[in-house]
Amino acid sequence: MAFEGIFKSLFSRLLNKRVISIGTNYFATNELETEYVSLINLTDTMLVEIEPAQINSETIFANLERELDQRDLPLNRKFIEIKPAENEINEYALLSNIIMGDDRYLYIELFRPSNLINSFVKMVEEAEGKIVEKSQTELVLHMPSKKESIRVAINMITLGMKHGINVRGAVGMTGAASIERAIEMNASIGQVSGVGFTKLGGEYGVIFEEVPTDEKVHLKPVQVDNFMYIDAKDSTGFISKYGKDKLIEIMNDINSYINTNSQGKIEGYRVGGDDLIINFPNKSIALKTGLDCAWYAFNNNLNLRIGIGNSRREAGENAHITDSIKIREDTPVMVFEIANGTYAYYIPSEMTRSTINYLTGNTLTLAGVFIFIFLVTLIGVNIGYAWIGLVALVISLIAVLVTD
């Protein structure tokens, strides 16, 4: 988008928060991605930074330890950084995660043939994973989540090393991506047992130079729920304008959509109410569903405040933060946490979108107007008639209006 940097700076000042992106330049490769990219660009949905995350290898490894809930992270593990993450939230990586879901493919490679491959198959079945490809030394698996992929990989590594066989594991968004990650890891550290994964755009690994011990990292398990709080903004004003039945219809549609399409478990919703709480199996689904609901309600003239958090209270608090993210009037906003930072998706009003679309659609005209005014003003100052610049401005405005 031409003038994208100018627009981001302008809206950062208007919202008093840093705007990371307006719409998206994400390159869609399938029908689902095309649908979401089109909606984000059609609505000029903005990714806004409320509190920046501090991203480095130390915080990423600490988060991994907490996420695995002590289940299979031995004390003699070592963390390695193959490629550092950028110290900011990557809009493309976040959007890919929302659309396609978390990394769920796991590639397993035994560095020499062994009957252990059949034992690994049983581990996968117990973890409710699916086998995509199998050979004497390799497995490509589709797992329930990235956390489960890492957990199962460490169990396989433990069993393999006890039998004198090093095992490589790698997690990716697709089977091909997980294989590529394993190749990169092999090139970096050789045939050392370990599992590679991505986090916030970086490449990392958990490796074992000795058989993983039975001693686990002693951490208090974190709450793994992902709650979403949805509330209609100014429901009283909406009812006075469109009627109570219209509000009930929209909220019932949202309730039905979540029940049938999102894997979310709804709590505390009553017919005729203007809010609800949902518990999702992971954050990616929560973010995707939140955007779906916000766009649907907005298309029906209803603005939603949406908050996502690890508890009901946290989700509610994040929802209330949305009230501070506006230019003049209320619009749909969804607040959530990534790493140790807080971010939001902000959907601007129709007037704001019209302004953005006009400016982006008339780039050459506006550039010509700017150059014309600048040159005329410069000439006027040099000959002692600075007021000529004002005349040039008026003429330019008239010309633009007539052209439109």
Looking at every non-hydrogen atom in both residues, tell me the closest pair between [X] and [Y] and how far apart they are.
X    : Y    : value
V121 : L139 : CG2-CD2, 4.2 Å
E314 : S311 : N-OG, 3.1 Å
I165 : S193 : O-OG, 4.5 Å
A28  : V37  : CB-CG2, 4.3 Å
V19  : K8   : O-CD, 3.7 Å
A85  : I60  : CB-CD1, 4.1 Å

Q) When rounded to the nearest 0.5 angstrom, what is the spacing between OG1 in T289 and CD1 in I306? A)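 So the gap between those two atoms works out to 9.5 Å.
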
(Q) With rounding to the nearest 0.5 angstrom, report the OG1 to CE distance, T158 to M123. (A)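 Answer for the OG1-CE pair, T158 versus M123, is 8.0 Å.
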
Q: Could I get the full list of ring pair (Phe, Tyr, Trp, His ring centres under 6.0 Å) partners for H163, not counting sequence neighbours?
A: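 Partners of H163 by the ring pair (Phe, Tyr, Trp, His ring centres under 6.0 Å) criterion come out as none, since no residue qualifies.
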
Does a donor on one side chain sit under 3.5 Å from an acceptor on the other, for [X] and [Y]?
X    : Y    : answer
D253 : Y296 : yes
E91  : T24  : yes
E337 : Y343 : no
D292 : Y36  : yes

Q | D214, CG atom: more than 12 neighbouring heavy atoms under 6.0 Å | A |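 Atom CG in D214 is not packed in, count stays at 12 or less.
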
Q: Check the surroundings of atom CD in E317: do more than 12 heavy atoms from other residues, nucleotides or ligands lie under 6.0 Å from it?
A: yes

Q: Decide yes or no on side chain to side chain contact (heavy atoms under 4.5 Å, CB included) for L247 and L302, but give the supporting numbers first.
A: CA-CA 8 Å; L247 177 64; L302 179 65; 3.8 Å; yes

Q | K216 side chain reached by L73 side chain, heavy atoms, under 4.5 Å | A |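 Side chain of L73 against side chain of K216, heavy atoms only: no contact under 4.5 Å found.
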
**Q.** Any T137 side-chain heavy atom under 4.5 Å of F111 side chain
**A.**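 A side-chain contact under 4.5 Å is absent here.
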
Q) For V171, does its backbone N or O pair with a side-chain atom of R181 as donor and acceptor, under 3.5 Å? A) yes

Q.
Is it the case that the side chain of N303 and the backbone of D330 share a donor-acceptor pair, with hydrogens and angles ignored and the cut-off at 3.5 Å?
A.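 Checked: pair present.
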
Q: Could you please spell out the steps behind the side chain to side chain contact (heavy atoms under 4.5 Å, CB included) verdict for L106 and H142?
A: CA-CA 6 Å; L106 172 63; H142 187 262; over 6 Å; no

Q: Indicate yes or no: does E209 engage K78 in a salt bridge with an N to O separation below 4.0 Å.
A: yes

Q | Ion pair R104/E148, N-O distance below 4.0 Å | A | no

(Q) Let's go through Y105 and M143 carefully: what are the C-alpha distance in whole Å and the side-chain angles of both, what is the deciding distance for side chain to side chain contact (heavy atoms under 4.5 Å, CB included) to 0.1 Å, and is it a yes or a no? (A) CA-CA 6 Å; Y105 283 86; M143 303 297 292; over 6 Å; no

(Q) Please determine whether salt bridge (charged side-chain N to carboxylate O under 4.0 Å, His left out) holds for the pair K83 and E203, giving the CA-CA distance in whole Å, both sets of side-chain angles, and the decisive distance to 0.1 Å. (A) CA-CA 5 Å; K83 173 188 172 185; E203 303 269 348; 5.6 Å; no

Q: Could you walk me through whether V48 and Y345 pass the side chain to side chain contact (heavy atoms under 4.5 Å, CB included) test, one step at a time?
A: CA-CA 6 Å; V48 180; Y345 273 116; over 6 Å; no

Q. Taking the inter-plane angle between the rings of H320 and Y229 on a 0 to 90° scale, is it parallel (under 30°), tilted (30 to 60°) or perpendicular (over 60°)?
A. parallel

